[in-house]
Amino acid sequence: MKKHKLMLGNEAIALALVENGCRIATSYPGTPSSEILSSVAAIRRDLDAKMHVQWAINEKVAFEIAYTGSMSGLRSAVSMKQVGLNVASDPLMSAVYTGVKGGFLVISADDPGPHSSQTEQDSRFLGMVAKVPVLAPDSPAHARELVAKGFQLSEAFEIPVMLCPTTRVCHACQDILPGEVFRTDAEADFQKNPSRWAATPVFRNILHKELCEKLSRIAEFLPTTPIWWNPEASGSRAVVASGVAAAHTREILEELGLWEKVPFYQVVQPYPLHASFVSSVLDWYEEVLVLEEPAPVIEMQMLDRRKVRGKASGAVPEAGELLPETIESILLEFTEAAPVMPVKRDPGPPGRRPTLCAGCPHRASFYAIRKAAPNGIYPSDIGCYTLGLNLGAVDTVLCMGAAVGQAAGFRQAYRLSGKEVDIVSTIGDSTFFHAGLPGLIDAVVQGVEFVLVILDNSVTAMTGFQPTPATGKGAGGETTGVVDIEGLVRACGVGFCKVGTPSGFEAFVALVKEALAFSRSNGGPAVVIAKEPCVMSRQNKGRVLSKAAVTKFCSGCRHCIEQFGCPAILFDKESGRALIDEAFCAGCGVCPHVCRLGAIVMEEEKSR
């Protein structure tokens with residue numbers, strides 16, 4: 001007998017993929033979507049499902065692999081975060097025209113807030129641009145349900161379908177009762193049809209017309225029709241909501257005693273919005289409030305600006321999450337109901353600012369970069385090393401791979417102005433594979449002088465320790481091929497590429513200086529690979545470590561605390577000196593090089 005399991009939203013999505021006969025699942029990690037693929041790998045193994053599960057080098061490649069599985073007749077899925085959809089947008093736009101054979105889900109997890117992203121981008125908007133139908137779950141259980149409906153919709157109309165959970169769905173927990181696995185005998189069987197799969201512009205015009213006809217029929221698809229939760233309500237004002245906002249709205253309407261007074265509709269398919277629903281709601285009600293996040297996708301399709309209240313009218317905030325207290329305030333104003341007594345919440349103690357882990361090799365790299373190029377410009381990239389901001393060693397963060405292109409851009413700008421400046425950019429190993437290579441090749445061709453430090457900790461640390469192409473392990477722990485970063489860099493034509501260990505601090509500073517000198521004299525990029533395992537990695541288990549200690553020579557200048565920022569180094573107000581928190585100290589051995597008075601030393605060795 002099957003038992004309920006408490007599952008993250010991402011785990012529920014993964015379970016649904018396996019249960020519904022998905023045969024190919026691919027991804028590139030990015031919060032809040034990262035746990036989907038790792039959960040698929042685990043569930044596949046537990047349920048003995050025959051699947052290909054893969055972390056790809058980036059979202060574009062992940063999309064192309066999964067989509068081609070669908071072209072071959074197999075149910076397939078690709079998952080990513082919302083900004084990752086930008087990387088996959090090129091094949092997405094084309095795949096919607098050419099369509100699918102096996103069901104194909106594009107799972108793009110949005111991050112209203114944002115909690116761990118550079119934008120609040122709404123994947124539903126990109127769905128509208130691509131003309132791909134979009135489904136929006138309100139909970140882990142609903143996300144599981146919509147995976148099944150998504151495959152059904154995809155195969156009924158031979159079109160990719162986008163599932164858009166948000167952070168609150170991906171990382172919420174709910175009791176889930178596992179079901180039966182849909183065992184399929186489907187085999188790959190690609191039917192050649194060049195006028196479809198390799199369509200020229202003339203045929204693309206035909207495919208576009210067919211796509212528009214599909215969307216008209218999808219706007220009448222019964223399984224994704226909006227849900228009218230309270231037909232007994234008889235008010236002249238209605239509320240329309242989608243995603244997590246719908247879940248909050250249901251609860252708040254009941255708490256405010258408005259359930260029988262305010263008709264409430266939940267939109268499951270934000271695009272294309274069901275045509276009959278739009279006409280009915282606008283005919284039946286004097287005013288309609290639309291609650292959705294983060295952008296006004298449903299609101300834009302409601303058409304009648306005189307009746308619709310939402311982001312465009314100012315009734316709903318344009319940015320940020322729609323938290324329960326925000327929705328409650330909006331509903332009270334919209335319905336003109338008497339406000340309830342607000343609940344006073346204890347904000348709790350102030351949080352500590354995000355910082356690199358104690359012993360993180362990136363901290364040593366950043367400190368060395370500032371010492372080697374104290375007046376430099378430091379472009380950086382997306383990863384946990386973005387926290388180099390706290391060390392004054394990160395000046396720009398734009399998007400995946402931009403550290404390389406921006407380094408070249410700074411050099412060209414300063415070259416035009418006749419100015420000299422040291423430029424040292426930083427990028428993680430996974431990000432380098434993902435999007436750094438094209439910029440580096442371009443820099444070699446253009447002869448641009450800067451130093452690129454590849455922070456190689458042998459793992460995709462920020463999103464949950466997923467493997468990189470240099471790890472040699474796949475999504476399920478299987479052995480894979482290995483790509484050598486140093487060899488790859490040299491193959492790009494880079495004349496200087498050396499590997500250093502950040503914890504060997506003085507030697508690493510000298511290496512960065514050597515790279516700067518080479519770049520200045522040879523007119524091209526120089527690369528330093530800062531190779532040292534993540535301090536949280538399994539590779540560090542069992543190491544013999546020394547702990548740091550502060551001696552009586554400490555003057556209390558706070559240089560180590562303010563300039564190095566290790567969470568293991570604290571300030572003792574009673575003694576007026578720094579002290580080491582042994583519970584945090586990872587024994588990296590770098591802080592003695594930071595203290596200008598030599599007041600920090602390493603103690604006797606201790607085993608972790």
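Only this structure's heavy atoms are used, side chains among them; waters, hydrogens and symmetry mates stay out.
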Whether over 12 other heavy atoms sit under 6.0 Å from [X] [atom1]:
| X | atom1 | value |
| --- | --- | --- |
| K261 | NZ | no |
| E254 | CD | yes |
| Q118 | CD | yes |

For [X] and [Y], does a side-chain donor sit closer than 3.5 Å to a side-chain acceptor?
| X | Y | result |
| --- | --- | --- |
| D110 | S123 | yes |
| Y67 | S72 | no |
| Q121 | D111 | no |
| T326 | S329 | no |
| T468 | T460 | no |
| Q54 | H52 | yes |
| H248 | E328 | no |
| S242 | R124 | no |
| Y28 | S430 | yes |

I want to check something: taking the side chain as every heavy atom from C-beta on, are [X] and [Y] in contact at a cut-off of under 4.5 Å?
| X | Y | value |
| --- | --- | --- |
| M536 | F465 | yes |
| R144 | V147 | no |
| V288 | M302 | yes |
| P133 | M162 | no |
| Q466 | V459 | no |
| E293 | V244 | yes |
| C170 | L8 | no |
| Q269 | I218 | yes |

Side chain of [X], backbone of [Y]: donor and acceptor closer than 3.5 Å?
| X | Y | answer |
| --- | --- | --- |
| E213 | L211 | no |
| S458 | C534 | no |
| S154 | I159 | yes |
| E19 | G179 | yes |
| N230 | V262 | yes |
| K81 | T31 | yes |
| T431 | I427 | no |

### Summary
Correct closest heavy-atom pair for S89 and N86 would be OG-O, 2.7 Å

### Summary
Nearest heavy-atom approach of R44 to G476 is NH2-CA, 4.0 Å

### Task
With rounding to the nearest 0.5 Å, note down the distance linking CD1 in I330 to CZ in R309.
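Output value for this atom pair is 14.0 Å.
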
### Query
Between CG of L17 and CD1 of I43, what distance do you get to the nearest 0.5 Å?
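L17 atom CG to I43 atom CD1 measures 8.5 Å (nearest 0.5 Å).
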
### Message
Determine whether the aromatic ring centres of residues F157 and F221 are separated by less than 6.0 angstrom.
### Response
yes

### Query
Parallel, tilted or perpendicular: which describes the rings of F63 and F104, with under 30° parallel and over 60° perpendicular?
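Ring orientation, 0 to 90° scale: perpendicular.
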
### Message
Classify the ring geometry of Y265 against Y285: parallel below 30°, tilted from 30° to 60°, perpendicular beyond 60°.
### Response
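Rings of Y265 and Y285: perpendicular, as their planes differ by over 60°.
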
### Message
L135 vs V161, test: side-chain contact (heavy atoms from CB on, under 4.5 Å). Steps then yes/no.
### Response
CA-CA 8 Å; L135 304 179; V161 171; 4.0 Å; yes

### Task
Begin from the C-alpha positions of D138 and Q266 and carry the test side-chain hydrogen bond (donor to acceptor under 3.5 Å, both in side chains) through to its verdict.
CA-CA 9 Å; D138 65 13; Q266 179 177 354; 2.9 Å; yes

### Message
So that I can tick it off, tell me whether K214 and E210 are bridged by a salt bridge, with the cut-off set at under 4.0 angstrom between side-chain N and carboxylate O.
### Response
no

### Query
Quick one: do K101 and E158 make a salt bridge, cutoff under 4.0 Å?
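Looking at E158 together with K101, the answer is yes, because their closest N to O distance falls below 4.0 Å.
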
### Query
Per the side chain to side chain contact (heavy atoms under 4.5 Å, CB included) rule, which among V308, V240, L331 passes with L289?
L331

#### Entry: Steps toward salt bridge (Lys or Arg N to Asp or Glu O under 4.0 Å) verdict (K60, E64)
CA-CA 6 Å; K60 180 178 185 292; E64 291 160 350; 2.5 Å; yes

